[in-house]
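Worksheet: one structure, shown below.
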Amino acid sequence: MRQDNLLIELFVEELPPKALARLGAAFAEGLQASLRASMLLEPESALTVFATPRRLGAHLTAVRERAPDQAVSHKLMPVAVGLGPEGQPTAALLKKLASLGEGESAVPRLQTRGDGRGDGKAQTLYLDAVAPGVDLAAGAQKALDSALAQLPIPKVMTYQLQDGWSSVRFVRPAHGLVALHGDQVVPLTALGLHADRHTQGHR
């Protein structure tokens, strides 16, 4: 599984100086926490925070291109509800399986487990499966949305995008978004912006 450094930077108008350090730390740490929860970070991944009057950024090392697949166990329903007298699946069980993207062919794979009381009266059906790991584009988009939503913004302002119709609420107008995994652009969107590889220096 390929891994590389990840850089996410939001280029904005002048940020409130008193709130800058808190905004920078919250942005970067929010990204890191969400990416770790999605299992997109290697254990040795390190975070560097960037916060200047016109940008919020985070650089993370050892970021996976895709999270590893995970074994999951779906608790379905009591055996008495899911299986008929002769062991055939009931309509309720088939409906539950369909909600998980499975069909009647999954019935032989079902596991029966008790509740630990040992009296055999509370047997439940489980389906063991493998959940595919999230890819970086989806995981990073979720992380970016979450980090922006949780920023400790002292005062939110509303501004209009260049299309003349859409409005955005943020601490200051944002003008650029960089998202790079190694040398590859991660297709993220935020605040009416689409990520690319270009940033700006000091005016």
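Please read all numbers here as calculations on a predicted model, not as lab measurements.
Qualifying side chain to side chain donor-acceptor pair (under 3.5 Å) partners for Ser99, counting only residues two or more places apart in sequence or in other chains: none. Remark: Asp196 pairs with Val178, His198 by the side chain to side chain contact (heavy atoms under 4.5 Å, CB included) rule, at least two apart or across chains. In this structure Thr158 satisfies the side chain to side chain donor-acceptor pair (under 3.5 Å) test together with Arg169, sequence neighbours excluded. Taking the side chain to side chain contact (heavy atoms under 4.5 Å, CB included) definition, one finds that Val49 meets it with Ala28, Leu47, sequence neighbours left out. Residues meeting the side chain to side chain contact (heavy atoms under 4.5 Å, CB included) test with Ala138, sequence neighbours left out: Val134, Asp135. Taking the side chain to side chain contact (heavy atoms under 4.5 Å, CB included) definition, one finds that Ala190 meets it with Leu144, Leu148, Leu177, sequence neighbours left out. Scored by the side chain to side chain donor-acceptor pair (under 3.5 Å) test, Gln150 finds Ser146 as partners (sequence neighbours excluded).
The side chain to side chain donor-acceptor pair (under 3.5 Å) pairs that include a residue from residues 79-90 number zero, where partners must be two or more places apart or lie in different chains. Applying the side chain to side chain donor-acceptor pair (under 3.5 Å) test to every pair with at least one member in residues 172-187, sequence neighbours left out, gives these pairs: Arg2-His181, Glu13-His175. Screening residues 100-109 for salt bridge (Lys or Arg N to Asp or Glu O under 4.0 Å) gives Glu102-Arg109 as the qualifying pairs, with residues at least two apart or on separate chains. Within the structure, the side chain to side chain donor-acceptor pair (under 3.5 Å) test picks out the following pairs touching residues 70-80 (sequence neighbours left out): Ser73-Arg113, Ser73-Asp128.
Not a single donor-acceptor pair under 3.5 Å links the side chain of Thr124 to the backbone N or O of Pro78. Not a single donor-acceptor pair under 3.5 Å links the side chain of Asn5 to the backbone N or O of Gly182. Tyr159 places a side-chain N or O within 3.5 Å of a backbone atom of Ala174 that can act as its donor or acceptor partner. Side-chain atoms of Ser34 do not come within 3.5 Å of backbone N or O of Gly30 as any donor-acceptor pair.
In the hydrophobic clustering of this structure, Val168 groups with Ile8; members are Ile, Leu, Val, Met, Phe, Trp, Tyr whose side-chain heavy atoms approach within less than 4.5 Å, directly or through other members. No single ILVMFWY cluster, assembled from side-chain heavy atoms under 4.5 Å apart, contains both Val72 and Tyr126.
Nearest heavy-atom pair across Glu44 and Ala62 is OE2-CB, 4.1 Å. Leu188 and Ala137 make their closest contact through CD2-O, 3.7 Å (heavy atoms, listed as atom of the first residue, atom of the second, distance). The minimum heavy-atom distance linking Ala67 with Leu40 is given by the pair N-CD2, 3.5 Å. Taking every heavy atom of both residues into account, Val81 and Ala92 meet most closely at CG1-CB, 4.5 Å. Closest heavy-atom contact between Met39 and Pro68: O-CD, 3.5 Å. Between Gly103 and Leu97, the shortest heavy-atom distance links the atoms O-CD1, 3.7 Å.
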Item checked: Val156 and Phe170: CA distance, side-chain angles, deciding distance, side chain to side chain contact (heavy atoms under 4.5 Å, CB included) verdict -> CA-CA 5 Å; Val156 176; Phe170 195 52; 5.8 Å; no
Note to self: As a quick check of understanding, evaluate side chain to side chain contact (heavy atoms under 4.5 Å, CB included) for Leu83 and Leu93, giving each step before the final call.
What the structure shows: CA-CA 8 Å; Leu83 299 177; Leu93 177 59; 3.9 Å; yes
Margin query: What verdict does the side chain to side chain contact (heavy atoms under 4.5 Å, CB included) test give for Val186 and Leu180, after you've listed the backbone C-alpha separation in whole Å, the side-chain angles of each residue and the deciding distance to 0.1 Å?
Written below: CA-CA 6 Å; Val186 185; Leu180 289 172; over 6 Å; no
Next item on the list: Using the side chain to side chain contact (heavy atoms under 4.5 Å, CB included) rule, take Leu136 and Val63 through it: C-alpha gap first, then chi angles, then the decisive distance, then the call.
Entry: CA-CA 8 Å; Leu136 178 59; Val63 180; 3.8 Å; yes
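No side-chain donor from either of Glu65 and Gln3 sits under 3.5 Å from a side-chain acceptor of the other. Counting only N and O atoms by type, the side chains of Thr199 and Glu9 include a donor and acceptor under 3.5 Å apart.
Considering CG of Leu60 and OG1 of Thr48, their distance stands at 8.0 Å, rounded to 0.5 Å.
Side-chain contact check for Thr52 versus Phe11: every heavy-atom pair is 4.5 Å or farther apart.
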